[in-house]
Amino acid sequence: MKVHSLFVYPVKSLSGIEVACFDTDDFGPVGDRRWMIVDDDRRFVTQREHPELARIGTRLEGDRVIISIPDEGEYSLIASDEETRVLVWQDWVKARTGLPEANDALSRFCGKPVRLVFMPDSSFRRVDAGRVDEYRRVGFADGFPFLVTSTASLAELNTRLEAPVEMRRFRPNIVVEGAGAWDEDHWQSLSIGGNNLSIVKPCSRCVMTTVDPSTGQKDAALQPLRTLSGYRRTQEGVIFGQNAIHESPGSIRVGDPVTVNKSE
């Protein structure tokens with residue numbers, strides 16, 4: 001097995017970036033989901049309620065995140081000195097607000113007032129303590145630093161769909177090739193290059209998987225979620241992919257060997 005592809009998502013719920021490699025830090029992939037969109041109630045905003053967010057492009061220039069908003073232009077994301085507290089799922093997190101220019105353009109695009117916020121190093125959001133005993137942090141990702149998926153599992157799902165879907169629907173960080181379909185259900189510990197990852201939770205999927213990442217439109221038939229629901233439903237939800245944490249900072253590259261150290 002080896003790494004087939006890698007993705008980072010600088011802004012939660014905006015388009016991801018396929019990369020040849022990424023470094024990791026305490027948060028996970030460097031820069032992954034350190035930015036997020038919030039509404040007037042300081043609650044996180046995602047493609048679940050605004051699928052059109054998939055149309056906003058992201059790119060990196062060194063350490064700087066650039067977003068491209070349709071009909072509005074490009075904006076460099078810069079955190080101000082203004083601090084606030086924002087809600088992502090059940091967690092209130094300390095953040096810094098972005099500058100008004102990007103916020104105003106994004107508000108026009110969404111049709112309601114929204115703001116971009118940044119999670120600084122001084123902020124600490126803990127991964128689910130019910131899943132991870134260690135006092136580990138995560139950015140604005142739903143719950144864990146990494147999502148690992150398999151090309152074989154996507155291929156098996158696509159045999160059941162009238163219109164095949166891309167892996168981008170599932171927003172993984174690490175895509176593995178060379179495994180059997182759904183082998184990842186049984187993984188507990190992986191080595192990827194020189195990095196050790198612990199698999200801590202199956203990833204329960206939601207309506208975001210029905211959003212076409214190219215058009216920002218939800219599938220009228222709710223695919224592929226409807227098909228997945230028919231045979232991948234467990235007590236954890238409708239499962240595609242596995243959430244993971246890493247042992248220490250390092251680097252992961254496309255082509256790195258993947259070894260299962262422990263499985264059930």
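All residue numbers in this chain count up from 1 along the given sequence. Scope of the values below: all heavy atoms of this structure, side chains included, with no hydrogens, waters or symmetry mates.
- Looking at T227, its side chain never comes within 3.5 Å of a backbone N or O of P224 through a donor-acceptor pair.
- For the atom pair L6 CG and H4 NE2, the distance stands at 10.5 Å (nearest 0.5 Å).
- Going from atom CZ of R169 over to atom CE of M208 covers 11.0 Å, rounded to the nearest 0.5 Å.
- Contact check on D256 versus K2 returns no salt bridge, with no Lys/Arg side-chain nitrogen under 4.0 Å from an Asp/Glu carboxylate oxygen.
- The backbone N or O of A152 sits less than 3.5 Å from a side-chain atom of S150, completing a donor-acceptor pair.
- To the nearest 0.5 angstrom, T46 atom OG1 is 7.5 Å from L53 atom CG.
- Atom CZ of R131 has more than 12 neighbouring heavy atoms from other residues, nucleotides or ligands inside a 6.0 Å radius.
- Side-chain contact check for Y231 versus W182: some heavy-atom pair is nearer than 4.5 Å.
- Using a 3.5 Å distance cut-off with no hydrogens or angles, the side chains of Q242 and W187 do not pair a donor with an acceptor.
- A salt bridge links D121 to R34: one of the charged nitrogens lies within less than 4.0 Å of a carboxylate oxygen.
- With a 6.0 Å cutoff to the six-membered ring centre and a 45° limit on the axis angle, R171 does not count as a cation-pi contact of F7.
- A cation-pi arrangement is absent between R33 and F27 under the rule of less than 6.0 angstrom and at most 45 degrees off the ring axis.
- A salt bridge links K12 with D142: the closest approach of a Lys/Arg side-chain nitrogen to an acidic carboxylate oxygen falls below 4.0 angstrom.
- Panel note: side chain N173, backbone L147; a donor-acceptor pair is recorded below 3.5 Å.
- Within the 3.5 Å criterion, the main-chain N or O of T151 finds no donor-acceptor partner in the side chain of E177.
- No side-chain donor-acceptor contact under 3.5 Å links T97 to the backbone of V117.
- Going from atom NZ of K94 over to atom CE of M119 covers 10.5 Å, rounded to the nearest 0.5 Å.
- Because its NZ or CZ atom is not both nearer than 6.0 Å to the ring centre of F140 and within 45° of the ring axis, R125 does not count as a cation-pi partner of that residue.
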>> Quick one, R96 with D81, criterion salt bridge (charged side-chain N to carboxylate O under 4.0 Å, His left out). Give me CA distance, side-chain angles, the key distance, then yes/no.
In response: CA-CA 6 Å; R96 291 165 57 192; D81 293 329; 3.7 Å; yes
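- The 12-atom threshold is not exceeded at CZ of R253, counting heavy atoms of other residues, nucleotides or ligands nearer than 6.0 Å.
- At a cut-off of 3.5 Å, with distance as the only test, a side-chain donor of R168 or S214 sits close to an acceptor on the other residue.
- Put simply, the side chain of R115 never gets that close to the backbone of R42: no donor and acceptor are under 3.5 Å apart.
- The line from CG of D219 to CG of L225 is 10.0 Å long, rounded to the nearest 0.5 Å.
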>> Checking R232 against D185 for the salt bridge (charged side-chain N to carboxylate O under 4.0 Å, His left out) test, could you report, in this order, the C-alpha distance in whole Å, the side-chain angles of both residues, the deciding distance, and whether it holds?
In response: CA-CA 11 Å; R232 293 288 298 165; D185 292 347; 2.8 Å; yes
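- A salt bridge links E74 with R59: at least one charged nitrogen is closer than 4.0 Å to a carboxylate oxygen.
- With H186 contributing its side chain and K262 its backbone, the two residues share no donor-acceptor pair below 3.5 Å.
- Annotation: the span from I66 atom CD1 to L60 atom CG amounts to 8.5 Å, rounded to 0.5 Å.
- Side chain of T209 to backbone of C206: a donor-acceptor contact under 3.5 angstrom is found.
- Side-chain contact annotation: S153 with E184, donor-acceptor N/O pair under 3.5 Å present.
- Of the N and O atoms on the side chains of S204 and E236, not one donor lies less than 3.5 Å from an acceptor on the other residue.
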